[in-house]
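In what follows, a single structure is set out as structure tokens and then discussed.
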Amino acid sequence: MDSSEGGPTSRQSRAETMRAAAATRLFSAEKRNLRMLSLPEEFILMLLNEETGYFHQVPGWNLHCAVVGAALAELSLIPRIDTDMESLIFLDQTEIDDPALDPILSEIAAEPVQHSAQYWVERLAPRAESIIDIILERLVDLKILKHHDGDFWSLAGTAWKTLLHANSSTDTAVEFVKARIGKAIFDNEIPDPRDIIIICLINTCDVLRFIFELDEESKQRIEDICKMDLIGRAIADAVGQNITRRSSRRTALTKPIPIVPLRRLLRNKHTRSGNLPALFAELQEEFGPVFEIRPPFVDDMICLVGPETNHWAHRHGRMHLRARDYLEDFEKVYGGVGLLPALDGADHFRYRKSIQPAYARSRLEEQLEVFLSCARNEMADWNVGETRQAVGMCRKLINAAMSPLSVGIDSQDIVDDMHKFKERALKTHIGRTLPKFMLKTPSMKRKAKLIGQVVDRVLNVHTPAQRAGCPRDLADDLLAMHTTDCQFLPESNLRFVLSAPLIASMYVGDQLSFIVYAMVSQPEFYAKIRDEADAVFADGDPDRNMLTGATTDVTRRFIMECMRLYPIVPMSIRNVMNTCELKGYELPEGRRVFIVQTATHYMRDVFPNPFTFDIDRYAAPRKEHLGTGYAPYGLGTHTCLGARVTEMYLVTNLLMMTHYFTLKIAPENYKLKISPFPSMSPNKKLKFAITGKRYELPV
């Protein structure tokens, strides 16, 4: 075909000219000390759905292929590689100081045989997750994205312009990229090569229809654009062919999931002690990261255990797993539907963002004086010489401040019964260790009525007149949400959401009871924490800086180690909503999986000498807690929203107990045993004896 008729030679020449122009622009940008966004970065930004806080629903393999395609395209524009419809050609091995692209370049350079672009897209697809992680961290560092607890992302404002595109009139990086792509599609001009490639990749993933309203003319224009550049065309075709092939593959090659014999469970010492994280860590050593347990009388359990499954659940579980199914019956106990723990996707993200200020540690710090006063009021009933059941003692202490500061009421008179009802509801509807009729006994029916009393108390003190001049609390945020959108937060859900702080005090109290046990049973740490407590209260009540700074360093690291060894919620339960493959095992749609995220706390390759109590794990240079191996607050989108405020509750209460009182374990020869259901807590035999009063409690 003659080149003047638009044949291969003509298209190739035009592509080379366009690439040269792109390279010139890159050089000019470098001279101006500006950093252009890379193709993988722009591609990720265009896939981000700000409403949900994560990507548009692109199937995992499709997304992986497209991300690798964007990386290869960036390498071709630098240029380090070249490609046509038949082969990918290596040009230059010089590294570009990019942790997302340099490993790809090295792998291509090390390959002695030349292959097609499609081959490399498929071969490199397993790298896509690490590429995405690097890009997301980079975009956060550049203040283009904001990272929220639970691994959600949203777009930042205009700060990105100062570093990247100072002359842009758009408000966000996404709008900048979208404007360029929109101009290429709707203005009928020859687009920039980068825009051609982005359009090709996004079109291949079928996401453009979520970004623009497309008519037949614009759809045809997109098809024409995707044919303009050989690089974009070759890579888009490679991605498209891999997507097509992948969708037709079956899972016949996946490995059978190992089954753990029941006798192995029953004979394990950690089963007898109730230490579930240690139990599952040992099972993972023998059976691998995915295995199945078939206990009698309940459904089979597919268990996901280990650092790699933690990372997968944290970053990618949202695409394949959901929380709603196993919580449906539990919701009905409280008369609600669509409660935060059972929400997924955009609704979950919206809910979290709406109430996140209520769980900010700064809000608690602003009311530190009230917090301390509430805790002291509870301690005023502690008498020297008496012995108290550990779990009940710590739950009441936590609730003493949590209830008034969160929902504006004193609930000490009913909180014990509220905790008993919640435990029974969890055992019948979540753990399924008790038959459902056990929640309908006369005693439980009486306790269920207390939920209504909590709601009435909260509503009675949250009138406009009574809240005038008061610091905003969680109940204010929830009632405002209900008023603004009574479909999103209906009145039927208020029974659960307004009683939630009383429920939370159960978990935080149980964690505190583990921490006090660990402190009192280790005299050397007890002395160090007592020294820090006395220093904090030496000149009266501390300020927020004293509770979070170097003065309490030992106490905070001690608590972190206790949460590693004794995590309250050792696992998360989810249902598979999209069949997926993990570490070579198929997780079928509809199956229930148990993500034992805290098993890594007892794995030697994550925490050396895991059974040794060592608070130096959390100090530089070790910092063993960084990453998804340390997961006392859960993983992924359902990571505990109140993690930071919980830390302050634990630190402050522990310091107060230690400063004002001397405690001992009762009986003295008690050996810790854990009650693993419905959540982990010391068993009821653990008690604390109050053997001395070190300082008088201020009035």
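Basis for what follows: all heavy atoms, side chains included, without hydrogens, waters or symmetry-related copies.
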Margin query: If the condition is side-chain contact (heavy atoms from CB on, under 4.5 Å), which residues does Ala109 pass it with, not counting sequence neighbours?
Written below: Phe90, Gln93
Checklist line | Partner set under salt bridge (Lys or Arg N to Asp or Glu O under 4.0 Å) for Asp187, not counting sequence neighbours | finding: none
Next item on the list: Go through the structure and list residues passing side-chain contact (heavy atoms from CB on, under 4.5 Å) with Pro289, not counting sequence neighbours.
Entry: Thr309, Lys583
Check: Under 6.0 Å between the ring centres of Phe186 and Phe212?
Finding: yes
Check: Is it true that Glu41 and Arg138 make a salt bridge, defined as a side-chain N closer than 4.0 Å to a carboxylate O?
Finding: yes
Item checked: Counterpart residues, side-chain contact (heavy atoms from CB on, under 4.5 Å), relative to Asn575 (two or more places apart) -> Asp325, Tyr326, Arg592
Note to self: Under the rule for salt bridge (Lys or Arg N to Asp or Glu O under 4.0 Å), what residues qualify as partners of Glu111, not counting sequence neighbours?
What the structure shows: Arg123
Next item on the list: Could you list the residues that satisfy side-chain contact (heavy atoms from CB on, under 4.5 Å) with Val207, not counting sequence neighbours?
Entry: Leu47, His56, Val58, Ile202, Cys205, Phe210, Ile211
Checklist line | Sequence-distant partners of Arg209, salt bridge (Lys or Arg N to Asp or Glu O under 4.0 Å), two or more places apart | finding: Asp206
Next item on the list: Just jot down the salt bridge (Lys or Arg N to Asp or Glu O under 4.0 Å) partners of Glu624, sequence neighbours excluded, or say none.
Entry: Arg617, Arg622
Margin query: Using the ring-ring contact (aromatic ring centres under 6.0 Å, His included) criterion, which residues pair with Phe607? Sequence neighbours excluded.
Written below: none
Checklist line | salt bridge (charged side-chain N to carboxylate O under 4.0 Å, His left out): pairs with one or both residues in residues 596-609, sequence neighbours excluded | finding: Glu285-Arg604
Notebook entry, point to check: So does Arg194 pair up with Glu74, basic N to acidic O under 4.0 Å?
Noted result: yes
Check: Does His314 have any ring-ring contact (aromatic ring centres under 6.0 Å, His included) partners at least two apart in sequence or in another chain, and if so, which?
Finding: none
Check: Does the side chain of Met301 come within less than 4.5 Å of Glu292's, by heavy atoms?
Finding: no
Next item on the list: Kindly write out the residues that satisfy ring-ring contact (aromatic ring centres under 6.0 Å, His included) with Tyr618, not counting sequence neighbours, or none if the list is empty.
Entry: His625, Tyr630
